[in-house]
S.K.: 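So that we are looking at the same thing, I have put the structure below in structure tokens.
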Amino acid sequence: MDVPYDENRVRPREVEVDGVRFERHPIKTHVVLPGEALGPVVERYGLPDLRDGDWFFMTEKMVAGSQGRAYPVSETKPRPLAVWLSKRVVRTPWGIGLGIPETMEWAIREVGTPRILFAAAVSVVSKKVFRRTGDFYRIAGTKARGIDGPGYPTIPPYDEMVVLTAAKPYQVCRDVKALLASHGRTVEVLLVDINDIGGNILGSTISKADEALAVKILQDNPIGQGHESTPLGIIRRVS
């Protein structure tokens with residue numbers, strides 16, 4: 001059964017993690033269209049609220065879109081293998097994943113046919129022998145696992161597109177940090193993939209320990225994942 005997405009769910013502005021309180025500030029933007037330059041978006045919406053010491057975070061879908069890594073479903077022509085495999089992927093209540101031919105086609109293009117076939121073979125064995133699911137995505141890897149498909153609650157035009165993972169996530173974070181520093185803001189930058197079932201830090205200018213802390217701070221998805229149009233945000237320590 002599908003889990004309904006609630007855009008009106010109350011998300012507290014402050015949270016306490018490991019005895020420290022943090023503010024989370026979602027930043028509303030216009031819809032950043034595929035291929036739109038990232039720098040001006042960061043300058044326009046991020047600079048007014050940023051303070052030295054903040055952690056500035058960006059959602060992967062917005063960054064990937066700005067890199068032109070979003071493709072209309074209608075223009076994606078799946079090969080027969082993609083059609084066949086997509087019917088055998090375990091579907092979840094929180095997203096399409098690779099469960100349609102178009103997203104599976106892009107997974108094959110991103111990681112290659114041999115790896116996808118190997119992931120599928122291991123998955124079959126795991127399900128039959130160990131009654132375990134999820135091995136397909138683990139073996140297919142981050143690029144395949146991070147592909148977003150069309151549909152609700154994604155905001156248009158991305159609700160009719162396949163969005164790939166952002167390219168060079170750590171370099172993107174370093175570049176954005178340098179851009180903000182050129183405007184006098186000394187902050188750290190994170191690229192996040194956060195939804196209502198959890199999240200990951202895909203790139204950052206902070207340590208791995210701090211990345212784990214950031215996941216805890218954002219674990220309740222304070223920026224939402226639907227029509228809120230808040231693909232940027234700020235984490236600020238308050239005590």
Side-chain angles (χ1 to χ4, degrees), residues 5 24-39 41-42 45-46 55-71 73 92 94-98 103 106-107 109-111 137-138 140-177 179-180 187-206 208 210-235:
Y5 176 70
R24 296 94 54 84
H25 298 267
I27 299 175
K28 191 175 183 65
T29 73
H30 68 276
V31 177
V32 179
L33 297 175
E36 184 173 347
L38 179 62
V41 175
V42 168
Y45 296 105
W55 289 359
F56 177 70
F57 63 91
M58 311 172 290
T59 59
E60 185 192 27
K61 182 167 286 186
M62 183 201 69
V63 172
S66 76
Q67 294 175 332
R69 290 174 60 77
Y71 303 91
V73 171
T92 68
W94 49 80
I96 288 174
L98 303 183
T103 51
W106 278 105
R109 296 184 194 184
E110 281 286 279
V111 306
Y137 285 102
R138 281 189 286 271
T142 302
K143 285 187 176 182
R145 187 168 59 246
I147 293 174
D148 283 335
Y152 180 83
T154 306
I155 194 168
Y158 296 101
D159 61 338
E160 296 181 356
M161 305 186 84
V162 177
V163 183
L164 309 184
T165 56
K168 300 181 179 179
Y170 281 91
Q171 185 61 54
V172 169
C173 291
R174 289 191 292 268
D175 291 345
V176 170
K177 179 176 180 177
L179 173 64
L180 293 170
V187 302
E188 303 298 341
V189 179
L190 302 88
L191 180 62
V192 305
D193 179 16
I194 303 292
N195 55 48
D196 280 359
I197 62 166
N200 296 289
I201 306 302
L202 305 175
S204 78
T205 59
I206 58 179
K208 290 297 182 183
D210 281 341
E211 286 185 359
L213 173 61
V215 170
K216 293 180 181 179
I217 295 169
L218 300 174
Q219 66 181 351
D220 63 338
N221 191 16
I223 57 175
Q225 66 191 70
H227 288 225
E228 294 92 339
S229 295
T230 50
L232 303 174
I234 295 169
I235 296 172

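Computed from a prediction, not measured in an experiment: that's the story for all the values here.
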S.K.: Looking at residues at least two apart in the chain, or sitting in another chain, which of them share a ring pair (Phe, Tyr, Trp, His ring centres under 6.0 Å) with Trp106?
M.R.: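 For Trp106 the ring pair (Phe, Tyr, Trp, His ring centres under 6.0 Å) partners, ignoring immediate neighbours, are Tyr71.
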S.K.: Can you name the salt bridge (Lys or Arg N to Asp or Glu O under 4.0 Å) partners of Lys143, sequence neighbours left out?
M.R.: none
S.K.: Do His30 and Val41 make a side-chain contact, defined as non-hydrogen atoms from C-beta onward lying under 4.5 Å apart?
M.R.: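 In short, these two side chains touch, coming nearer than 4.5 Å.
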S.K.: Side-chain contact, heavy-atom cut-off 4.5 Å: Met58 with Leu38?
M.R.: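 The answer is yes, as the side chains (C-beta and beyond) meet within the 4.5 Å cut-off.
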S.K.: Between Ile201 and Ala214, which heavy-atom pair has the shortest distance, and what is it?
M.R.: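 Looking at all heavy atoms of both residues, the shortest contact is CD1-CB, 4.1 Å.
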S.K.: Which residues satisfy the side chain to side chain contact (heavy atoms under 4.5 Å, CB included) test with Tyr137, sequence neighbours excluded?
M.R.: Val89, Leu98, Arg145
S.K.: Ignoring hydrogens and geometry, is there a side-chain-to-backbone donor-acceptor pair from Tyr45 to Thr230 under 3.5 Å?
M.R.: no
S.K.: Could you measure the distance from the CG atom of Leu190 to the NZ atom of Lys177? Nearest 0.5 Å is fine.
M.R.: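 Leu190 atom CG to Lys177 atom NZ measures 10.5 Å (nearest 0.5 Å).
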S.K.: Show which side-chain atoms of residues 160-172 pair as donor or acceptor with protein atoms under 3.5 Å away, not counting sequence neighbours.
M.R.:
from   : atom 1 : to     : atom 2 : distance (Å)
Tyr170 : OH     : Lys208 : NZ     : 2.8
Tyr170 : OH     : Glu211 : OE2    : 3.0
Gln171 : OE1    : Arg174 : NH2    : 2.9
Gln171 : NE2    : Asp175 : OD1    : 2.8

S.K.: Measure the CE-OG distance between Met62 and Ser229 for me, rounded to the nearest 0.5 Å.
M.R.: 12.0 Å
S.K.: Return yes if some donor-acceptor pair links the side-chain N/O of Thr205 with the main-chain N/O of Cys173 below 3.5 Å, else return no.
M.R.: no
S.K.: Quick one: side chain to side chain donor-acceptor pair (under 3.5 Å) partners of Glu110, sequence neighbours excluded?
M.R.: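 Side chain to side chain donor-acceptor pair (under 3.5 Å) check on Glu110 returns Arg69.
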S.K.: Do the side chain of Arg24 and the main chain of Leu218 share a donor and acceptor less than 3.5 angstrom apart?
M.R.: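 Between the backbone of Leu218 and the side chain of Arg24 there is no qualifying donor-acceptor contact (under 3.5 Å).
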S.K.: Show the numbers, then the answer: is there a side chain to side chain contact (heavy atoms under 4.5 Å, CB included) between Val31 and Ile155?
M.R.: CA-CA 8 Å; Val31 177; Ile155 194 168; 3.7 Å; yes
S.K.: Identify the two heavy atoms, one from Ile27 and one from Gly46, that lie closest to each other, and give their separation to 0.1 Å.
M.R.: CD1-CA, 4.4 Å
S.K.: Please report the interatomic distance NZ(Lys28) to CG(Leu232), rounded to the nearest 0.5 Å.
M.R.: 12.0 Å
S.K.: By ring pair (Phe, Tyr, Trp, His ring centres under 6.0 Å), which residues pair with Tyr158, not counting sequence neighbours?
M.R.: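 By the ring pair (Phe, Tyr, Trp, His ring centres under 6.0 Å) rule, Tyr158 matches no residue at all.
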S.K.: Got a second to check how far Ile194's CD1 is from Phe57's CZ, nearest 0.5 Å?
M.R.: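 Reported to 0.5 Å precision, the distance equals 8.0 Å.
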S.K.: For the atom pair CG (Leu202) and OG1 (Thr142), what is the distance rounded to the nearest 0.5 Å?
M.R.: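 Answer rounded to 0.5 Å: 8.0 Å.
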S.K.: Measuring from Asp210:CG to Ile235:CD1, what's the distance to the nearest 0.5 Å?
M.R.: 10.0 Å
